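Below is one structure, written out as structure tokens, with a few remarks after it.
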Number of protein chains: 2
Amino acid sequence: MPHRHATASDVARLAGVSQSAVSRAFTPGASIARETRARVEDAARELGYRPNAIARSLTTRRSRIIGVAAAYLQNHFYPEVMEALSRGLHARGYHLLLFTPDAGRDADPQLQEVLSWRVDGLILASTTVSSALASECRAAGIPVLLFNRTSLGTDVSSVTGENLRGGRLIAEFLVAGGHRRLAFLAGIEASSTSRDRERGFAGWLVEHDLPPPLREVGLYDFDAACAAARRLLARPDRPDAIFCGNDHMAIAVAEVARHEFGLRIPRDLSLVGFDDTAPARWPSFSLTSFAQPLQPMVDAAVALICEMIENPAAPTRHEVVHGELVVRGSARIPPEGCVSLGDRLVWRPPRDEA
Amino acid sequence: MPHRHATASDVARLAGVSQSAVSRAFTPGASIARETRARVEDAARELGYRPNAIARSLTTRRSRIIGVAAAYLQNHFYPEVMEALSRGLHARGYHLLLFTPDAGRDADPQLQEVLSWRVDGLILASTTVSSALASECRAAGIPVLLFNRTSLGTDVSSVTGENLRGGRLIAEFLVAGGHRRLAFLAGIEASSTSRDRERGFAGWLVEHDLPPPLREVGLYDFDAACAAARRLLARPDRPDAIFCGNDHMAIAVAEVARHEFGLRIPRDLSLVGFDDTAPARWPSFSLTSFAQPLQPMVDAAVALICEMIENPAAPTRHEVVHGELVVRGSARIPPEGCVSLGDRLVWRPPRDEA
DNA sequence: TTGAAAGCGTTACCAT
DNA sequence: ATGGTAACGCTTTCAA
């Protein structure tokens, strides 16, 4: 028995009021008598009535749904983001329509479907949605927020960590630790995160008249990072320190270095990651990593998308959330600069350079 | 400029047809002349028209949305599930409305909100939604599917791995490996997965006149599992093999065993996990683990929920997806029973017992 | 094959 | 404060 849902009219009939009154009883700021509301609520309870969000959205023209594009869920950073995002949006009365663009393929068709739900906003935490489309949405008047990425030419708001400063700081950290044969393991080269981290890293070196780092590409993928690590570590001029574009790849490199090359970390090889995800804290890796503070980033994203929804005419904003270089055991520790911060050890340049 | 979305009427006007014709042009099986469709499509393209899913859902009374409850996203198993689920549902034309019940708190209010979207189905991949509510949904006629869990008294369909057989097999595996001082690290005790795995494990031991395993509770949580490991490993009668309720906890135990107790795995301690998630394959852990085959489980879930939607009167079903005990290096390997399966080594009892 | 018209379950605007 | 009524944008009869 497909047991039809009760409607506002059903409730109205039972409560002996108009259907409009029922609507008011469920609208926070509406003007309705205490007693009327009570009667409606009783009737609603009896019938198991809940306002139909679909019908409501049709008239209000606000869905209270945010479309969220996520991929790379195998990278520990993103699941944690999803969970926090879901909670944060819920707290503001929004729901989260998830879509996961296929890695290689074009994400735009999927996005079109999400758009057909007239989502109030869009958070793109995945590189594979074309920037063109992102700005197209903006043109169509729907707020778009890039999470943990930015887009080049197009003018779309974003929330990111300090990719550039992080890269610079890590260069300085490794050099202060006495390393001179540095390497960078890029993620997806087209991604802004990878580009910015590399730009910061290589930039600092160049500015200090040091040779540019060796370079391989790991595509933010575990297996690809393993392969890149093999190429890097098999070189005659093997690097003695590698800055990996994220923790996920850093772990891959650590595994290859130890188990295939018999290297000891950090004695033979220093490793620095980015994100400071949970596995970085596991003793086996004890990864020194530039933290992208999850909760602040998510909070910023939620606040920003809500603002954009309330004021669609607002100018685009690029929020950069402050992070720290969290020092653990995977990289040689410079003699100076370590500071204890809460329960973590972080590194700051002895002479203020950052 | 909030640039109003084009509606079917707008398209109709431009194409010189009725609004109904526009609807037909976007309805797969509808009867419409080739030429009419072409004109509609042209007009639609020109106006950037896409049917409004909200309005459509209101009339069809099918949302093509599946509500998915997820939590424990820090356990690597679930993100992978989410991603596969999202793809699988998309392939069938469904969208995924994600909600993440707060761990401790009551998930039911959140679920109510999801229900107000008149979701076509509900997949619960989280223990915190009350079984009572799950069956309430079923009573209300909305298909509910439990993923990686079952519920006790209530009659709700489910997709799970072979928790019971897995537990039994692991007991046999460890005993065949010469272990006698066994322990079980439970997850969330109220969860069916933890209960079934334990029941299989302890049951096999009892049936073979072996003493029951030691027991601690790790709540499927990394830190809690670390604490449990400390209690277990500090005992005078320290176990020489631990079956951990999932990989995530097994890794926690491995970390504590190695880095706090100086134990070597598997020489001093054998460890077996459950799920066979990506980190289990990392050389540092090389975890022997009973595989819950992700893709088959997700495929089964998608197929089952779709069936339930198409035929709500169908009886509840409990699908159990076949898994294998994947042998790696974290547990002593019995002299017999290892079989190569694809690129993995799996264990099967020499005399067929499973 | 096509168009007109009646819903779908709300909210929002009017009067009252 | 309340009830009537017109949208909201679509699908689905029903006639033509």
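Throughout, a chain's letter reflects where its sequence line sits, starting with A, and its residues are numbered from 1. Being a predicted model, the structure only gives us computed values, none of them experimental.
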Can you check whether A:Thr36 has a side-chain N or O nearer than 4.0 Å to OP1 or OP2 of D:dT2? yes
Taking atom C1' of D:dG9 as reference, at what distance in whole Å does atom CZ of A:Arg56 sit? 18 Å
Categorize A:Thr7 for me: base, sugar-phosphate, or nothing, with a 4.0 angstrom heavy-atom threshold over every strand shown. sugar-phosphate
Integer-rounded Å distance: D:dT2 C1' and A:Arg39 CZ: 12 Å
A:Asn311 versus A:Glu307, side-chain donor and acceptor atoms under 3.5 Å: no
Below 6.0 angstrom between ring centroids: does that apply to A:Phe77 and A:Tyr72? no
How long is the gap from OG on B:Ser116 to CZ on B:Arg118, to the nearest 0.5 Å? 7.0 Å
How is B:Ser23 classified with respect to the nucleic acid when contacts are heavy atoms under 4.0 Å: base, sugar-phosphate, or nothing? base
So what does A:Arg50 hit on the nucleic acid, given a heavy-atom distance under 4.0 Å: a base, only sugar-phosphate, or nothing? sugar-phosphate
Do we see a donor-acceptor contact under 3.5 Å between the side chains of A:Ser86 and B:Thr100? yes
Would you mind classifying the nucleic acid contact of B:Val22 as base, sugar-phosphate or nothing, using non-hydrogen atoms under 4.0 angstrom? nothing
Residues B:Tyr49 and B:Thr7: side-chain donor-acceptor under 3.5 angstrom: no
Spacing between B:Arg64 atom CZ and D:dT11 atom C1', to the nearest angstrom: 15 Å
Is there a donor and acceptor pair closer than 3.5 Å between the side chain of A:Ser20 and the base of D:dG4? yes
Distance, rounded to the nearest Å, where B:Asn52 contributes CG and D:dC10 contributes C1': 8 Å
Rounded to whole angstrom units, what separation is found between the CZ atom of B:Arg13 and the C1' atom of D:dG9? 13 Å
Whole-Å gap separating P (D:dT12) and CD1 (B:Ile32): 14 Å
For A:Arg24, which contact category applies under a 4.0 Å heavy-atom criterion: base, sugar-phosphate, or nothing? base
With heavy atoms of chain A within less than 4.0 Å as the criterion, where does contact along DNA chain C begin and end? C:dG9 to C:dC13
Would you indicate which nucleotide in D:dT11, D:dC10, D:dA7 comes nearest to any side-chain atom of A:Thr59? D:dA7
Checking all strands, does B:Tyr49 fall into the base, sugar-phosphate, or nothing category for heavy-atom contacts under 4.0 angstrom? sugar-phosphate
Which heavy atom in A:Arg64 sits nearest to a heavy atom in A:Arg92, and how many Å separate them? NH2-O, 3.0 Å
Polar contact flag, side-chain donor to acceptor under 3.5 angstrom, A:Thr160-A:Ser158: no
If you assign A:Gln19 and A:Arg34 each to the DNA chain D nucleotide with the nearest heavy atom, which residue ends up on the more 5' nucleotide? A:Arg34
Per nearest nucleotide of DNA chain C, the residue lying toward the 5' end, B:Ala55 or B:Ala33, is B:Ala33
